[in-house]
Amino acid sequence: MAAASAGLLRGATGFGSALVIAPVLSHLLGPQQAVVISLMIGASATLFMAPRHRTSVNWPVVTSAGLAGLVLLIPGVILLRLADPEIMKRVIGLVTLAAALLMLLFHARSLPSGPVPQMLAGALGGLLMGATSMGGPPVVLYLVSRHDSSEEKKANVIYVVGLLEVGALVLFAISGGIEMASLRLFALFLPTFAVGMYLGRMAFGFIGERYRSVVLVVLLLIGLIAVWG
């Protein structure tokens, strides 16, 4: 059920699969393996969705945010390995709730534009991606605040979040943090996730210019569930 819901959210919004599945896996397997499996699922979604949206990408924005995020992935992964598991479980929930509240706060306005805000958003996203697999919210907060079409916003989200997920997975692979048990669980979740993502992609056609509002509501609900679930 969690995998299908994660796929539905990812297909509709271009991010958020970790927000659904990471808290569940964290309680079952511990934070580190929850992060690894969430990243593998997210990266597979990016491979599926990126070609379809490549013509709508704003490459200067994606490049600035993505590269800054990659730099901060390393301390994020280190934080995950050193932090207490119970603390990391709470962080995963609180990160989601904080992002939802921030996005509601900025619902009626745009965040500052330019390379520096783009890099700051990407850097925070990279740090959280490495530590919790839930680095999407800071970047999404910035990207959906821009005056772009819904298609452009979704494309930028897909590429930046996907870049951070792939980068984090590479770091885990290099450091020996990917276990066979994680690969087996990823293979088990993938078919259900793929079905959910296909349905989510179809739902995006109905969302249209309500994309930003949908993202706000989804983040708020998931944040509340993650903190008190």
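These figures come from a predicted structure and were not determined experimentally.
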(message) Hydrophobic clusters here meaning ILVMFWY residues chained together by side-chain heavy-atom distances under 4.5 Å, can you tell me if Y142 and L127 are in one?
(response) no
(message) Show me the pairs that pass salt bridge (charged side-chain N to carboxylate O under 4.0 Å, His left out) and involve residues 22-43, at least two apart or across chains.
(response) none
(message) Could you tell me if the side chain of L120 sits less than 4.5 Å from the side chain of L124, heavy atoms only?
(response) no
(request) Spell out, yes or no, whether L169 and L183 are grouped together once hydrophobic residues are joined by side-chain heavy atoms under 4.5 Å, including indirect joins. (result) yes
(request) First locate atom CD1 of I37, then atom CD1 of I178, and finally report the distance between them rounded to the nearest 0.5 Å. (result) 10.5 Å
(message) Looking at M119, I'd like to know if its CE atom is crowded, meaning that more than 12 non-hydrogen atoms belonging to other residues, nucleotides or ligands lie closer than 6.0 Å.
(response) no
Can I get a per-line list of side-chain donor-acceptor pairs under 3.5 Å for residues 157-164, giving both atom names and the distance, sequence neighbours left out?
| from | atom 1 | to | atom 2 | distance (Å) |
| --- | --- | --- | --- | --- |
| Y159 | OH | A50 | O | 2.8 |

(message) Grouping I, L, V, M, F, W and Y whenever their side-chain heavy atoms are under 4.5 Å apart, do I174 and M40 come out in a common cluster?
(response) no
(request) May I have all residue pairs that pass salt bridge (charged side-chain N to carboxylate O under 4.0 Å, His left out) and include part of residues 10-30, sequence neighbours excluded? (result) R10-E165
(message) To the nearest 0.5 Å, what is the distance between NE2 on H53 and NZ on K153?
(response) 15.0 Å
Acceptor/donor pairs from residues 61-79 side chains to any protein atom, 3.5 angstrom cut, sequence neighbours excluded:
| from | atom 1 | to | atom 2 | distance (Å) |
| --- | --- | --- | --- | --- |
| T63 | OG1 | W59 | O | 2.7 |
| S64 | OG | P60 | O | 3.1 |
| S64 | OG | Q118 | OE1 | 3.4 |

(request) Could you name each residue pair satisfying ring pair (Phe, Tyr, Trp, His ring centres under 6.0 Å) that touches residues 173-194, not counting sequence neighbours? (result) none
(request) Return each pair, listed once, that meets salt bridge (charged side-chain N to carboxylate O under 4.0 Å, His left out) where at least one residue sits in residues 39-65; pairs must be two or more places apart or across chains. (result) none
(message) How long is the straight-line distance from CD of E152 back to OG1 of T55, given to the nearest 0.5 Å?
(response) 9.5 Å
(message) If you compare all heavy atoms of N156 against all heavy atoms of N58, which two are closest, and at what distance to 0.1 Å?
(response) OD1-N, 2.8 Å
(request) Apply side chain to side chain contact (heavy atoms under 4.5 Å, CB included) to V166 and L47, showing your working. (result) CA-CA 10 Å; V166 172; L47 292 176; 5.9 Å; no
